Amino acid sequence: MLTPNVANLGLQFSCSMNCLTRICPLITLRLLACQSRGSMNWLYRNIGRAIHGYVVKVGRDVRDDVSVNSALVFMYPRFGDLDPAGSIFWSMPERNVVAWNTMISVYAQTGNIKETWGLFNQMLVEGFEANEITLSCMANSSNELLQGMMIHGLVIKIGLIEDEIIGASLIDMYARLNSLVDAQKLFDVKPRSEMGSWNSLILGYAKNGYPREALNLFYRLRDHRNLCPNSISFLGALNACAALGAVKEGKVIHDYFVNSGFKVDRIIGTSLIDMYSKCGCVDTARDIFEGMKDKDLVAWSAMISGHGVNGEVKEAIKLFDRMRKNYHLKPDNVIFTSILSACSHSGMLEEGWFYFNEMKRVYGLEPKQEQYACIVDLLGRAGKLDESLDFIKEMPIEPDVSVWGALLGACRIHNNMKLGIYAAEKLFELETKDAGYYVLLSNLYAAIGRWNDVKKVRELMKSRGVQKPPGRSWVDLNGSIHEFFVGDKSHPQSDKIYMKLDELGEKMKEMGYIPDTNLVLHDVDDEVKEEKLTSHSERLAIAFALINTKHGEPIRVTKNLRVCADCHRTTKLISKITGRKIIVRDARRFHHFEGGKCSCADYW
DNA sequence: GTAGGGTTAG
């Protein structure tokens with residue numbers, strides 16, 4: 001029985017027309033129940049549509065009911081159908097705050113920031129008063145600090161600053177806008193008993209580049225006299241471990257979760273898949289994934305990208321095909337992004353194009369910036385730079401920073417100065433604050449010795465307040481983290497580390513290795529450049545790990561920036577010389593080095 | 001009835 005009808009939904013009533021309104025709450029409840037995100041999604045979608053059909057037919061009282069309509073507005077976007085939500089909302093004969101909130105939250109969740117703010121303004125103009133849920137949604141869809149502060153001000157003015165929902169949303173907002181100090185301040189003045197605030201701040205730190213702080217806060221909560229972590233707190237902690245690549249710490253937290261009596265549900269399961277994948281333990285992630293009873297799109301998504309990011313493209317594609325064949329799940333933009341990026345990082349040009357076309361043809365999904373960037377990347381890495389530019393020119397939407405950035409990255413790989421500089425100009429017109437792009441352009445200029453332009457890029461960064469974080473690499477040795485900066489000599493074992501690097505350097509030179517000094521960003525002579533290169537943070541970390549682990553044991557290193565081409569070559573050689581498996585996770589992906597080769601096949 | 005916690009490229 002695949003097509004539900006009203007009879008089997010329990011909505012057949014024998015009541016006269018004037019008591020029709022009585023069934024509205026029941027219909028509303030049924031509609032709201034249609035929001036499973038699991039593998040039964042398709043069935044609920046059919047049920048929801050059937051109920052909607054019934055609502056339209058049964059009579060004006062039901063058709064015009066505010067709750068019923070709000071529930072419909074709420075339901076459709078859960079199935080990815082945004083249009084019906086908008087048209088239902090606008091054709092409602094009367095609306096209340098809940099109806100407005102529902103529509104605002106739909107726009108906020110789908111990232112339509114302009115529409116969200118427009119709706120919010122109109123709601124106020126029409127004389128409705130914002131409540132805690134409205135303002136929580138608005139905090140959510142503030143993507144600039146000024147907007148956020150305005151909402152914060154409004155919260156104070158309306159007298160809702162004590163509200164727990166709002167407190168958590170504001171913390172979340174400040175963290176997302178990279179204003180962790182403000183987030184911490186809000187947390188500090190809140191009554192500490194509010195779990196919402198703890199969780200918001202733990203997640204805020206974890207997701208916004210401060211994983212260590214997230215874990216510290218999580219441990220404070222663990223040791224708290226009156227409170228203990230709930231499953232959301234664990235999400236934050238696992239997220240932080242994923243960001244750190246700290247698999248041992250992650251495993252301890254995983255065990256702690258289970259021993260505390262929590263059940264690994266779909267959400268924690270997905271988070272575990274993500275954590276283990278991002279720590280390079282794809283097998284463990286896979287075990288958890290296979291053990292999950294009801295996998296939804298997000299779980300599949302996490303596992304597919306887990307394979308992709310670890311260089312296992314074939315596995316990623318196999319899994320994607322399995323998902324489409326065996327389940328009634330409709331892939332979304334996120335899954336396609338993972339698949340496309342996996343293809344581009346393995347140079348699978350044809351496959352990438354195939355999936356890009358399939359997105360629209362089979363699933364009716366409109367490609368977004370992310371997917372366009374993937375294709376630009378795909379063409380660019382394969383050396384088809386002109387085709388890549390043509391592709392950008394034909395895009396139906398205005399290319400954003402990520403698209404131009406992908407072209408710039410490809411130009412650097414293939415040393416195409418002219419096009420690279422063009423891409424960079426386009427990129428910087430968009431006023432990005434992402435330091436990585438400035439470094440790319442700077443590298444381009446440095447490679448051809450245009451030091452004046454290198455200086456100009458630096459000045460541009462300064463004037464725009466862009467800061468390049470210093471390169472850091474770290475190793476998790478028996479649960480404690482050892483961290484290294486470029487040229488770092490502060491570690492107690494520093495002498496041994498540099499001796500190890502010298503020893504490896506000699507062996508590498510015997511194998512014909514010549515350092516690529518183009519990659520050092522300073523206007524200095526070659527000897528000094530070489531010295532800087534040999535002390536890149538990941539090399540220090542690798543040498544440290546070699547000294548402190550048993551022979552044959554794999555080495556895991558995490559780096560905050562992307563690994564440079566020279567370190568990549570070097571690590572390949574070190575894996576051959578020492579016979580060790582070296583797993584490096586950089587800011588973007590994994591490199592599994594073994595026997596002189598890397599899983600990324602030199603595409604990254 | 002409406003919010004908040006899992007997945008995404010460059």
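What you see is a predicted model; the values in this text were computed from it and never measured. Numbered from 1 within each chain, the chains take letters A, B, ... in sequence-line order.
- Within 4.0 Å (heavy atoms only), Gln371(A) reaches no atom of the nucleic acid at all.
- Taking the side chain of Asn96(A) as heavy atoms from C-beta on, and the options dG10(B), dA3(B), dG1(B), the nearest nucleotide is dG1(B).
- Listed nucleotides: dA3(B), dT8(B), dG1(B). Nearest to the side chain of Ile165(A): dA3(B).
- Each of dA9(B), dA3(B), dT7(B) was ranked by its minimum atom distance to the side chain of Ala302(A); first place goes to dT7(B).
- The base of dG6(B) does not come close enough to the side chain of Ser271(A) for any donor and acceptor atom to sit less than 3.5 Å apart.
- Side-chain N/O atoms of Ser67(A) and base N/O atoms of dG1(B) include a donor-acceptor pair closer than 3.5 Å.
- Between Arg176(A) atom CZ and dA3(B) atom P there is a gap of 16 Å when expressed in whole angstrom units.
- Nucleic acid contact class of Asp172(A) (heavy atoms, under 4.0 Å, all strands): sugar-phosphate only.
- Remark: C1' of dT7(B) and CD1 of Ile288(A) are 15 Å apart, rounded to the nearest angstrom.
- In the set dT2(B), dT8(B), dA9(B), dA9(B) carries the atom at the smallest distance from any side-chain atom of Ala373(A).
- For Ser301(A) and dT8(B), the shortest distance from a side-chain N or O to OP1 or OP2 is not below 4.0 Å.
- Side-chain atoms of Ile253(A) and Leu215(A), non-hydrogen and from C-beta on, do get closer than 4.5 Å to each other.
- Distances shorter than 4.0 Å separate some side-chain N or O of Ser305(A) from OP1 or OP2 on dT8(B).
- Put simply, Lys278(A) has a side-chain N or O that comes within less than 4.0 Å of OP1 or OP2 on dT8(B).
- A donor-acceptor contact shorter than 3.5 Å is absent between the side chain of His345(A) and the backbone of Gly311(A).
- Between His345(A) and dG10(B), a side-chain N or O to OP1/OP2 separation shorter than 4.0 Å is present.
- Side-chain nitrogen and oxygen atoms of Gln369(A) include none within less than 4.0 Å of the OP1 or OP2 phosphate oxygen of dT8(B).
- Rounded to an integer number of Å, the gap from Ile392(A) CD1 to dG10(B) C1' is 12 Å.
- Within the nucleic acid shown, Phe336(A) has no heavy atom closer than 4.0 Å to any nucleic acid atom.
- Among the atoms of the strands shown, only primed sugar atoms or phosphate atoms (P, OP1, OP2) are found under 4.0 Å from some heavy atom of Leu32(A).
- If you check dG4(B), dG1(B), dG6(B) against the side chain of Arg266(A), the one that comes closest is dG6(B).
- For Asn101(A) and dG1(B), the shortest distance from a side-chain N or O to OP1 or OP2 is not below 4.0 Å.
- Straight-line distance from the CE atom of Met173(A) to the P atom of dG4(B): 14 Å, rounded to whole Å.
- Between the CD atom of Glu370(A) and the C1' atom of dT8(B) there is a distance of 7 Å, given to the nearest Å.
- Put simply, the side chain of Phe79(A) reaches to within 4.5 Å of the side chain of Tyr44(A), judged on heavy atoms.
- Closest to the Asp377(A) side chain, of the nucleotides dT7(B), dG10(B), dA3(B), is dG10(B).
- Straight-line distance from the CG atom of Leu407(A) to the C1' atom of dA9(B): 15 Å, rounded to whole Å.
- Side chain Asp296(A) to base dG6(B): a donor-acceptor pair is found below 3.5 Å.
- Under the 3.5 Å distance criterion, the side-chain polar atoms of Asp81(A) are left unmatched by any main-chain donor or acceptor of Pro77(A).
- When each of dG1(B), dG10(B), dT7(B) is scored by its nearest atom to the side-chain atoms of Val298(A), the top-ranked nucleotide is dT7(B).
- Remark: P of dA9(B) and CG of Asp586(A) are 12 Å apart, rounded to the nearest angstrom.
- Here Ser169(A) lies out of heavy-atom contact (under 4.0 Å) with every strand.
- Proximity of Cys137(A) to Ser105(A): side-chain heavy atoms (C-beta onward) are separated by under 4.5 Å at one or more points.
- Counting non-hydrogen atoms under 4.0 angstrom, Val68(A) reaches nothing in the nucleic acid.
- Checking dG4(B), dG6(B), dG1(B) against every side-chain atom of Asn140(A), the shortest atom distance belongs to dG4(B).
- For dT8(B), neither phosphate oxygen OP1 nor OP2 lies less than 4.0 angstrom from any side-chain nitrogen or oxygen of Lys368(A).
- Side-chain atoms of Ile268(A) and Leu235(A), non-hydrogen and from C-beta on, do get closer than 4.5 Å to each other.
- The side chain of Ser105(A) lies closest to dA3(B), out of dA3(B), dT8(B), dG6(B).
- Residue Leu203(A) is classed as a sugar-phosphate contact, given heavy-atom separations below 4.0 Å to backbone atoms only.
- Inspection of the Glu164(A) and Ser197(A) side chains reveals no N or O donor paired with an N or O acceptor under 3.5 Å.
- Atom CG of Leu244(A) and atom CZ of Arg585(A) lie 8.0 Å apart (nearest 0.5 Å).
- Looking at the side chain of Thr270(A), the nearest of the listed nucleotides dT7(B), dA3(B), dT8(B) is dT7(B).
- Put simply, CG on Asp294(A) is 18 Å from P on dG6(B), counting in whole angstrom units.
- If you check every strand for non-hydrogen atoms under 4.0 Å, Asn199(A) touches nothing.
- Heavy atoms of Ala406(A) sit under 4.0 angstrom from primed sugar atoms or phosphate atoms, though from no base atom.
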